[in-house]
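These figures come from a predicted structure and were not determined experimentally. In what follows, every chain begins at residue 1, and chains take the letters A, B, ... in the order their sequences are listed. We use all heavy atoms of the structure for the numbers below, so side chains are in, but hydrogens, waters and symmetry mates are not.
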Protein chains: 2
Amino acid sequence: MRASERAYRALREEILDGALEPGAALAEVEQANRLGVSRTPVREALARLEADGLATAASARVLQVSALDAASIVSLYELREALEGQAARLAAGRREPERFTALRKRIAGAPELLDSGDEGLRAYYGAVDALDDEIESAAANAMLGAALRSVRLHSARVRRLARHHPERLRAAASEHLLIVDSIIAGDADLAAHATHVHLHLSLRHALASIEARHPDGHRVA
Amino acid sequence: MRASERAYRALREEILDGALEPGAALAEVEQANRLGVSRTPVREALARLEADGLATAASARVLQVSALDAASIVSLYELREALEGQAARLAAGRREPERFTALRKRIAGAPELLDSGDEGLRAYYGAVDALDDEIESAAANAMLGAALRSVRLHSARVRRLARHHPERLRAAASEHLLIVDSIIAGDADLAAHATHVHLHLSLRHALASIEARHPDGHRVA
DNA sequence: CCTCACTCTTATGTATACATTCACGCACTC
DNA sequence: GAGTGCGTGAATGTATACATAAGAGTGAGG
């Protein structure tokens, strides 16, 4: 694999995991030494991270890991509502229910995975992510897909912040089930509205979960 | 200005203007020679163009100017509907009508600009762009703003393709007026729906205009 | 005559040397 | 004592040399 690709993935992973905390400086020489490559591929990786919104130029010379406070999470969900709502609407409108029949079963069985410990949790998120993939693919819109991929990066970052309440995840699974059913039924309005409902409840849970962990509500990491 | 920034702007301008046609190869050495800088800043510029969606990797080694056919224009408008609809909705919800009062007058006077030749046309688009700016700013959502800026790049590219029918532009101005009025009134639903209507009519015109110029409907440039 | 493989060309990928600019600190002046 | 200006240093910005790999062209073999 290309060194720039390795550097990008390594840095991205560390930002999503929180190993690189919000506000941490991303200096070329330092990261190049740490990752064992030269400045050139690091430079490319940092540019991609900035384009992704995971890194932000604090000034002309200093790049930092982007902040992740309550306000930016609300912003993320406002954007997700627009993009995922439209994706669900388009997917429903394409009238290809057969693409989603296998996924429907998988989502329907997801709640039971939550009793299988950490392994089950990964499987649960695997099913949810597969649904996102299929909706994006069914929407058949490359530009929308690119925007969704960016948003999903940030969503993954938020996901690691919120506690994983089995109760909430069970509810989320039934919300996803409604989304997939409305797509299968070709009901575009319902698909969009069910997505809106899901994101609303998901945001409420995320904010409460973060508030519980970081009572000030601003600096969350 | 930095060489990479100059290279990026120069290439972007040429792509938006059509001087670099869809499918044109973007080779590092060739562009570096042409722009009078070394490969390094060109490389950064090309990476940014690819992130913008203005360039596409045709294979592992060849980067091309992105295609601009009817299908990708439809995709763009599907994305615009999601993003601009949400932006208008948020802007209306923020209840800051005073931000838009001066702009309202400017938009209301826009149709008359269309009788002033090329200079007036630029002024017309200046007013429209200012509205877009203010809606983005009023939406107060950095992530949405970043997505909107990407979309507006592509919109600018499409704009140059469609003929500028004064009749259509006069109608568009009244659509914009309704959008701005609904934001001033704090009517979020109306703002979103008016945006939807505007984009629908705009897309219809763009497709018809392109079809008239390129009867096959696929390779438009 | 077609196909496959090898080589050679030419592109990109990476490392590094050099240029430039900004920031910090110290000293000098008012 | 405060403020300004210059010097020093360390960071990014750029150029270029070198490494590597993809692709085209040519040759031989079927």
Side-chain angles (χ1 to χ4, degrees), chain A residues 1-16 19-67 142 146 149-150 153, chain B residues 1-15 19-67 142 146 149-150 153 219:
Chain A
M1 190 191 299
R2 295 185 329 202
S4 61
E5 185 70 22
R6 277 189 305 128
Y8 170 70
R9 294 195 191 181
L11 289 168
R12 186 182 67 184
E13 208 54 36
E14 289 180 352
I15 292 173
L16 294 183
L20 281 169
E21 297 189 355
L26 294 170
E28 292 179 6
V29 181
E30 177 191 350
Q31 299 304 324
N33 291 336
R34 196 168 67 84
L35 299 172
V37 295
S38 75
R39 278 177 56 212
T40 307
V42 167
R43 195 178 172 75
E44 184 171 326
L46 293 178
R48 286 179 66 184
L49 290 171
E50 190 177 359
D52 288 339
L54 292 176
T56 307
S59 76
R61 305 269 283 234
V62 2
L63 192 70
Q64 294 182 332
V65 176
S66 295
R149 274 189 292 283
S150 160
L153 270 186
Chain B
M1 187 191 302
R2 295 183 334 201
S4 62
E5 184 70 23
R6 278 189 304 127
Y8 169 71
R9 295 194 191 182
L11 288 169
R12 187 181 67 182
E13 208 54 35
E14 289 181 352
I15 293 173
L20 282 169
E21 297 190 356
L26 294 170
E28 293 178 5
V29 182
E30 176 191 349
Q31 299 303 325
N33 292 337
R34 197 167 66 86
L35 299 172
V37 295
S38 76
R39 279 178 55 212
T40 306
V42 167
R43 197 179 171 73
E44 184 171 327
L46 293 178
R48 286 178 67 184
L49 290 171
E50 189 177 359
D52 289 338
L54 292 177
T56 306
S59 75
R61 305 273 281 238
V62 2
L63 191 70
Q64 294 181 331
V65 176
S66 295
R149 273 188 292 283
S150 160
L153 270 186
R219 306 289 300 275

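- Each end of the helix from C:dC1-D:dG30 to C:dC30-D:dG1 gets its own rotation axis from five pairs of C1' atoms, and the angle between them is 10° to the nearest 10 degrees.
- Nearer to the 5' terminus of DNA chain C, by closest-nucleotide assignment, is the contact made by B:V29 (compared with the other of A:T40 and B:V29).
- Comparing B:E44 and B:R39, the nucleotide of DNA chain D nearest to each residue sits closer to the 5' end for B:E44.
- Among the nucleotides D:dT14, C:dT16, D:dA10, the one closest to any side-chain atom of A:R43 is D:dT14.
- Comparing C:dT21, C:dT14, C:dG13 by their closest approach to the side chain of A:R61 singles out C:dT21.
- Rounded to whole Å, atom P of C:dT14 lies 10 Å from atom CD of A:E5.
- Here the side chain of B:S66 pairs a donor or acceptor atom with the backbone of B:L54 at under 3.5 angstrom.
- For the pair B:E28 CD and D:dA21 C1', the interatomic distance rounds to 14 Å; values are reported in whole Å.
- In terms of phosphate contacts, B:S59 brings a side-chain nitrogen or oxygen within less than 4.0 Å of OP1 or OP2 of D:dG23.
- A salt bridge links B:R48 to B:E5: at least one charged side-chain nitrogen sits closer than 4.0 Å to a carboxylate oxygen.
- In the set D:dT12, C:dG13, D:dA15, the nucleotide with an atom closest to the side chain of B:P41 is D:dA15.
- Counting non-hydrogen atoms under 4.0 angstrom, A:A27 reaches the backbone sugars and phosphates but no base.
- Within the 4.0 angstrom heavy-atom criterion, only backbone atoms of the sugar-phosphate kind lie near A:A3; the bases stay farther away.
- Using a 4.0 Å cut-off, some side-chain N or O of B:S4 falls inside it from OP1 or OP2 of D:dT14.
- As judged by a 4.0 angstrom heavy-atom cut-off over every strand, A:V62 is placed among residues making no nucleic acid contact.
- Atom CG of B:N33 is separated from atom C1' of C:dT10 by 14 Å (rounded to the nearest Å).
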Audit row: A:R6, A:L35, side-chain contact (heavy atoms from CB on, under 4.5 Å) steps and yes/no | CA-CA 9 Å; A:R6 277 189 305 128; A:L35 299 172; over 6 Å; no

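- Closest to the B:R2 side chain, of the nucleotides C:dG13, C:dA15, D:dG13, is D:dG13.
- We find that CZ of A:R6 is positioned 11 Å from C1' of C:dT14, with the value rounded to whole Å.
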